[in-house]
Protein chains: 2
Amino acid sequence: MATLIAFEDVSPTADAELLRKACHGWGTDEKTVISILGHRNAIQRKLIREAYHELYQEDLVKRLEHELSGDFERAVYRWNLEPADRDAVLANVALRKENRDHRVIIELSCTLSPEELFSVKRAYQCRYKRSLEEDIASHTSSDLRKASFCVILQLLVGLVSIHRYQGDEVNLKLANSESNILRNAIEEKAFNHEEILRIVTTRSKPQLMATLNRYKDEHGCTITKHLKDDSADEYTTTLRTIIRCMSDPIKYFEKVIRNAIKKDGTNEDALTRVIVTHAEKDLKEIMEQYYKRNSVSLDQAVAKETSGDYKRFLLTLLGKDN
Amino acid sequence: MATLIAFEDVSPTADAELLRKACHGWGTDEKTVISILGHRNAIQRKLIREAYHELYQEDLVKRLEHELSGDFERAVYRWNLEPADRDAVLANVALRKENRDHRVIIELSCTLSPEELFSVKRAYQCRYKRSLEEDIASHTSSDLRKASFCVILQLLVGLVSIHRYQGDEVNLKLANSESNILRNAIEEKAFNHEEILRIVTTRSKPQLMATLNRYKDEHGCTITKHLKDDSADEYTTTLRTIIRCMSDPIKYFEKVIRNAIKKDGTNEDALTRVIVTHAEKDLKEIMEQYYKRNSVSLDQAVAKETSGDYKRFLLTLLGKDN
């Protein structure tokens with residue numbers, strides 16, 4: 001469930017006018033920006049952008065990007081984009097980092113529907129004039145010095161591009177045989193085995209879950225644990241991230257937020273990403289999981305680790321601005 | 001351009017009634033079936049199916065499958081399906097053959113738009129309760145004895161799943177450097193090099209064409225020729241098929257038809273596939289290319305090599321039934 005509290009009976013034109021006033025003249029009225037945009041759903045925000053453009057022949061997203069700054073600006077910018085466009089931006093930012101952050105690619109691939117993922121790819125092409133897949137697959141020659149790098153890229157390209165079967169049917173016999181294939185590959189320490197790649201990228205989620213459950217039943221231990229015990233290189237870390245994100249997205253995103261807050265110095269990028277992309281979907285469940293795991297509520301943790309307008313904006317999206 | 005001559009001002013209900021009459025009683029009136037369905041476009045055929053179902057609570061596609069037989073039945077069956085559904089059926093038939101025919105997968109991947117391909121994958125899942133990608137990737141253990149088999153499957157899965165960039169922009173510097181990468185891989189006889197796989201599956205068509213042109217300029221020979229000279233295993237054959245189909249689909253399909261007709265015993269499956277899937281798109285260009293290459297018109301060749309209702313139906317789709 002969403003945490004966003006979207007007000008009803010609001011007028012896009014009135015909102016656009018108030019936002020214009022908030023941006024006009026000396027200094028910006030951040031509180032108004034938060035009180036409006038932090039209480040409008042995706043459709044309402046779209047109507048506001050359209051009304052703003054009609055009234056002032058100006059792009060609201062760019063205007064706010066210009067007026068605001070720092071983590072607050074980045075959060076508002078992401079919040080203002082269409083969901084598919086936002087995901088395209090997040091993916092591109094992650095891929096352009098010096099140390100590429102593949103988590104965003106994994107999150108998109110493992111939690112969006114094929115239709116949503118298709119829209120993200122279309123938005124990516126429209127914005128960057130290249131395909132998402134080719135940007136994931138491209139690399140510098142220095143990357144290739146890392147032995148496992150090519151396999152990681154293959155795994156990620158497969159993950160983001162394959163249109164998984166969406167039905168619920170599970171073939172238990174297949175789950176059994178593929179659980180054995182995985183076990184053999186792990187015992188041979190052939191983590192980058194083509195079969196692992198094939199099973200993880202092509203099987204439907206329910207089928208893959210059945211295979212992983214079978215693995216656990218047979219060997220008394222989850223496959224992620226076995227992957228962790230036996231090796232800790234970048235490839236097995238990527239594989240574990242994929243399995244965790246696909247098996248239980250709520251737990252996965254709780255952990256992303258937990259790490260973002262806990263680590264020395266908050267990771268604002270990760271914190272913003274999870275809150276902005278989930279506030280209209282399942283952030284309530286992620287918050288519940290966070291409380292269960294940390295015995296402190298997420299809004300309290302966020303309030304402690306952030307400050308100023310950025311803090312006010314995140315708390316608003318968490319439904320806790322009063 | 002299409003070869004199909006679709007009549008205007010026709011009534012789906014009247015068509016459905018005539019088809020019912022043609023199927024009813026002792027023997028089937030194949031001529032009526034051909035004269036109606038061979039002159040209706042995809043939308044008209046859909047309306048006929050709907051009208052038929054409304055009138056007789058029966059599926060026209062199944063009814064005709066039951067009434068007709070042999071190559072004629074298979075051609076009418078494919079013709080009657082929605083394009084995306086038809087492509088899904090063609091892919092499945094090809095994958096289920098004892099000696100898998102990967103050409104259909106290559107044709108779909110290299111000639112459909114991302115949107116069309118997405119619809120085919122959806123239709124495939126709907127019909128077979130599995131994803132197209134997982135059926136391409138799955139194999140028997142005896143397949144794996146062939147050394148190159150895994151790489152072929154990886155190549156095909158990449159091909160069918162990746163959403164290529166659709167824009168026209170070409171980066172000539174990149175074309176130059178990737179042409180060198182391809183040349184190095186071929187010189188080292190590392191045909192299954194990850195880089196070949198990456199370049200062929202992820203780059204946009206115009207970008208890949210620029211790379212292949214650059215290759216030709218630099219080395220005085222096309223890459224397909226180099227691939228053919230140096231090796232003739234299944235993997236390089238697949239790679240050459242992909243490059244030919246993507247570079248010049250019209251020439252490619254002309255050759256499929258030429259081989260289907262020329263070989264000892266006509267390959268009706270291939271002949272039907274190309275005619276049925278292109279009659280509403282670009283079969284006119286394929287026919288022109290056929291005449292240029294063989295100095296005999298395609299309809300004459302088809303008339304010579306086929307017979308009966310099958311022949312009459314194909315000629316109708318070629319726009320030559322009088």
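Order of the sequence lines fixes the chain letters, A, B, ..., with proteins taken first and strands second; residue numbering starts at 1 for each chain.
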With sequence neighbours excluded, tell me which residues meet side chain to side chain contact (heavy atoms under 4.5 Å, CB included) with B:Asn171. B:Lys173, B:Leu174, B:Gln207

Residues in residues 160-167 of chain A that sit under 4.5 Å from chain B, counting heavy atoms only: A:Ser161, A:Ile162, A:His163, A:Arg164, A:Tyr165, A:Gln166

What residue among A:Asn180, A:Ile181, A:Val170, A:Leu182 forms side chain to side chain contact (heavy atoms under 4.5 Å, CB included) with A:Thr211? A:Leu182

Cationic N near anionic O, under 4.0 Å, A:Lys62 to A:Glu65: no

Parallel under 30°, tilted from 30 to 60°, perpendicular over 60°: which one fits the rings of A:His278 and A:Phe253? tilted

Looking at B:Arg198 and B:Glu178, is any side-chain nitrogen of the basic one under 4.0 Å from a carboxylate oxygen of the acidic one? yes

Whether A:Arg273 and A:Glu107 form a salt bridge (side-chain N of Lys/Arg under 4.0 Å from carboxylate O of Asp/Glu) is what I want to check. yes

Distance col, row B:Asn213:CG vs B:Glu218:CD, nearest 0.5 angstrom, shows 12.5 Å

One thing to verify: whether A:Arg49 and A:Glu82 come together as a salt bridge, which I'm taking to mean a side-chain N less than 4.0 angstrom from a carboxylate O. yes

Any carboxylate oxygen within less than 4.0 angstrom of a Lys/Arg side-chain nitrogen, looking at B:Arg183 and B:Glu187? yes

Among A:Gln154, A:Glu134, A:Arg203, which residue has the highest count of heavy-atom pairs closer than 4.5 Å to chain B? A:Glu134

Given that the side chain runs from C-beta out, which part of A:Glu169 has a heavy atom under 4.5 Å from chain B: side chain, backbone, both or neither? side chain

Determine which residues belonging to residues 111-127 of chain A lie within contact range of chain B, meaning some heavy atom pair is under 4.5 Å apart, and list them by number or answer 'none'. A:Pro114, A:Glu115, A:Phe118, A:Lys121, A:Arg122, A:Gln125

For A:Lys216, what residues pass the side chain to side chain contact (heavy atoms under 4.5 Å, CB included) criterion, not counting sequence neighbours? A:Thr222

